[in-house]
Each structure stands twice: as structure tokens, then as C-alpha cells.
Undergrad: 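Sending over a structure as C-alpha cells; questions will come in a sec.
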Amino acid sequence: MTREEIIEAIKDIIHTIAPDEDLSNLNTSERLRDQIELDSMDFLDIVMELRKRYGVQIPEEEYKELATLDGCVAYLGPKLAGKSLKVGV
Amino acid sequence: MSTPRYDAIVLGAGFSGLAAGIRLAQFDRKVVVLERHALVGGLNSYYKRAGRRFDTGLHALTNVALRSEKATPLARLLRQLRIDRDVLELREQSFSEIVFPSARLEFGNGFTRLSESVERAFPAERDRFARLVADVRAFDPFAPDLADRSSRVELRERGLDPILADMLLCAACWYGSAEVDDVDWRDFVVLFRSIFLEGFARPAGGVKTLLDVLVKRYRELGGELRTKSGVQRILRDERGARAVVLDDGTVLESDCILSSAGLAETLALAGGTLDERAAPRLSFFETSWITREPQRAVGHEATITFFSRADRFRYGPPRSGELVSLENGVVCCTDNYASDAPPDEGLLRITVPANPRAWFQLDEDAYVAAKARCSDTIAAAAAAIVPDPRPRAVFTDAFTPRTIRKYTGHVDGAVYGSPAKRRDGRTGIENLFVIGTDQGLVGIVGTMLSGVLMANQHALAARSA
């Protein structure tokens, strides 16, 4: 997956979890929870959706890597290599 | 045939069990929710008599904050379950009240009505009350490793007028304390926020609407629900819990069992015992009167009325082994929730403390007679506070600690479970966790959150690799 696709994958997951959040102007280097209403329970859901959709396993101590969209790209890039984007599932 | 194996087994299709089931099914875990009864709901369920549907448990859905507030427990819960708030068809309360001999407080959804009411009834308490509210807002009741603290002591240390303190305690205890005459401070904080800072609503169709939404969501996600499937035993080996045995002998295996049966009850199923202080468990007696006209026709507009017939509120079982206590209680007038069409009849429920052992030892005839007699005495005792429903009644029904024990399996028909909570859900047996009341979160929203949090922690996060 490309950088843009990873960002889209994450945004689509956030949209599933929190359909009322506006995701159109997210800054990729700023913490997600500072921009939209996301708590630790929601982060667990992001992890669970990544596992469900893409078979990606993320240990609890590495959840923090997903704090920003740039962090997601860096951390998930290798794990999502060769996988294709699934949105609206 | 090999023994069926699950990623998780949930005991009890009450609110905590269904919520846990939804979380697990949402992430494709193979999960089964087992329910002893034909109907789901457990303590909070419904039944039909004389063509009418009666709710048990649920008076109100608490934590009904403004839709725009996203960090509240109800909003977080619905998000975790991916349920749209609109499908609950929430109807807000008119207002509610706390009535003591020498003072009366009113509160509504949102905080203004209570703060104005406190200012009128206790003008000298204005600053102390404001400080209490600020403390309640600032305290994090979910912080790990909090010690148990008495709310009575906390309120006394803040110098609050003892009657005002008891009035606040009355509402908090009645909506969620398993302890005699007190409530843990973190629970008080949760209850204060959910009752006074947020508020009450009721799904248009009562508890059934809510249960239908949960069951539908769970089934759509592929979750398996087995009713009439009581668990007689939990099997374990040296590594912990391994399987459950149903009443019909069927064995289901799993390395993760979430039980809403209560802590002592769950340990008993696993062949263990609970070493707990012999504190009494609190159970209630409740009568519902269907009245010819809604309560507002006779001038009663409050939705929930917490009352104490003495200024010193004492929360606990009846003194001297009586069947019921007339010292304090809660009245719920369902017809005072907002509705689309004016209700053509009314429903008034009065709930008071009961002594479970006294109810258990009655034979059938004496039991039926005692239900009628106690309904009569509680209506008479509450008549100074709410209009007497008896002259207007077209139908009356009551439930007792015996009914509660039958539908929940809880020792002594305990409504809020054991006074000893397990906040981390751990039972001391590997792979076996408690959810619901004995985990420690109270109220309908709290108990659903308990199912969600324990499923997240013990079944999803811990086993995601």
C-alpha cells in the first residue's frame, strides 16, 4: 500500500468507529486524539479493525506508534506491503 | 462429534453479557452467549401480564447527556457497540425529585435545575455544593489502583449540610450501591455525574427496545445466542478455566470465559469459594400499579422520586427481619417520560428495601399474601409523597427478592451484587473473568460498559496476537 492508501485505510477505519467526526482536514503529523475525539477504547478498535481487515497483528505496547497519521504510515508500511486497500467494509 | 470450541464464552444474556458478546463478534471472534432463561435481559427484563408489558429493573437509562457531548459514558458505549443513538428512541424525563421530611430537591437533564433547587433549599450551602460539583467533575473514577473510600466521609469532610449530603446519597445509593448505608466514592462520582450532570431518559418501548437492539446487533455480527442454556459447571485444569457444562450436559470449550453470574456465584460454578466479609446483600421489593389515567392527571409530574421518611437517610435492609422497609425508596412514573402521544393509562412503581431471607422462607400461600400486603403498606407509606395509586389501579403486580434470585441467579436476590467488587474483572482463576455488577460498574450504561471493557481487556487486547 502507498502512503496515501495507508492514510485512507486509517481514515476509513476511524469513520467506521466514529462516523460523526470530520476527517477532511486531519494534519498527518499531529496526534489524532488532539484533532478528533478518540480515546484509548477507540485506539483498540483501530487495532482490531486493522487485524480484521488486513490481518495485521499489533502488540499492545506498540499501539502508541499509531498516535499520528505519519506514525501509522511509518509503522504500518512494512506490515501492509503487498496488501490492497479495503474501504467501506 | 468433537466438543465445540469458542474464542470466548459469555455467561448471561443481560446487558453486560450482550455488550461483551457484541464486542467479540464485531472482531470475528467465535463467541456464544449462554442464557438460562427463555428471555434475555437478566435483572433488566420484561414480562407480560394481562396484555401489558412490564419492565423489571430499568427505571431509567442514566447518563443521557446532550448529543453533542462525545466523551460521556453513553456516547462512548454506543460508539464501541456501533449502535446509533436514534435507534434507542430515547424519551427524556420530565424532571425528578428527592423528597425528605424537611427538604425537597428537583433535578432534570442537565445540571441547572438541581443547582437552582439546591440554592433555594440550602442557600447556605451554595459554595460548598459548588466545590463538591467541581470535585466530582475533576475526579477520575477509572484511574487504576484507587483505594476504596467512603462517600459519607468524603461528604462530611467537605462540610456539607448533613441533610443535603443524605439527599444526594439517597439517589446515589438507590441507583447503584451494593453497600449498606454508604457508597464507594468512585461510584458516587460516577452516579452523581450520570444522575445529576447528565440525566434520565427511557427508550420508547422500555427495556425491550434496548434488548432488541442489542440482540439484533449481536446476531447480525454472527454472534451465537443460546437461551434456555443454563451453565451447571465451569471446568478447569491447572492452567485455569477450560470449558463450561450446560444443564443438559453439553460441554463447550474456551480459554476465555466472561461471567455475569456474580463473583461468588461464578466461583461456585468453578468449584471454588469466595472468602468475603459477611456483609448483607441488598435486595428490593417492587410493586407496579397500572392506573386508569397517567399520574399528571392527578397532579404528579415527577418521573423519578427518591424519598426518605426520615432526614437521616439509612440505606439498607429492613431492621429486625421485616419483609420490607418503609423508611425510604424510589418511585418511578413511566408515563411522565416524554411520549409521542399522551398516554391513556399510567404506571407507578414503588421500590423499597427488602429482606431476602424473610421472603425465601415463606410457603406459596403466605408468599402470595405477603406480596399483596406489602404492596398495600408501601403505597400507604408513600402516599404522603406521591399520589396513592390504589384507588386508581386497574392492575397490580409485584416482584420480590425471590423473583430476582430466579431471574439472575444472584445469591439473596442481590440487585447490585456483592459489596466486594473486582474492578479488574479477575476472579483468581485464569481465563475466568467477571463482568457486570460484580465487576463494579453500575446502572444500565455502566453494566454495558463493564461488558465492553472486560471484553476489550481480557478477550481482545490481551489475545490479539
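Each chain gets a letter, A, B and so on, in the order the sequences are listed, and its residues count up from 1. Small disclaimer: the values here were computed from a predicted structure and weren't measured.
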Undergrad: With a 4.5 angstrom heavy-atom cut-off, could you sort out which part of A:Leu50 is near chain B: side chain, backbone, both or neither?
TA: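 A:Leu50 has no heavy atom closer than 4.5 Å to chain B.
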
Undergrad: Is a donor on one side and an acceptor on the other found under 3.5 Å between the side chain of A:Gln35 and the backbone of A:Glu30?
TA: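 The answer is yes, because a donor-acceptor pair under 3.5 Å joins these two groups.
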
Undergrad: In terms of heavy-atom proximity below 4.5 Å to chain A, should B:Leu78 be classed as side chain, backbone, both, or neither?
TA: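 It is neither, since no heavy atom gets under 4.5 Å.
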
Undergrad: Check whether A:Ile17 gets within reach of chain B through its side chain, its backbone, both or neither, counting any heavy atom under 4.5 Å.
TA: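 A:Ile17 touches chain B through backbone and side-chain heavy atoms alike.
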
Undergrad: Select, from B:Arg82, B:Gln26, B:Arg23, the one with the greatest count of heavy-atom pairs under 4.5 Å involving chain A.
TA: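 Most pairs with chain A among the choices: B:Arg82.
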
Undergrad: When B:Leu432 is tested against each of B:Ile257, B:Asp255, B:Ile9 for side-chain contact (heavy atoms from CB on, under 4.5 Å), which residue passes?
TA: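 Only match with B:Leu432 under side-chain contact (heavy atoms from CB on, under 4.5 Å): B:Ile257.
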
Undergrad: Could you work out, with side-chain hydrogen bond (donor to acceptor under 3.5 Å, both in side chains) as the rule, every residue matching B:Ser450, not counting sequence neighbours?
TA: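 Expected list: B:Gln439.
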
Undergrad: Which residue pairs pass the salt bridge (charged side-chain N to carboxylate O under 4.0 Å, His left out) test with at least one member in residues 64-75 of chain A, sequence neighbours excluded?
TA: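 Residue pairs passing salt bridge (charged side-chain N to carboxylate O under 4.0 Å, His left out), neighbours aside: A:Arg3-A:Asp70.
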
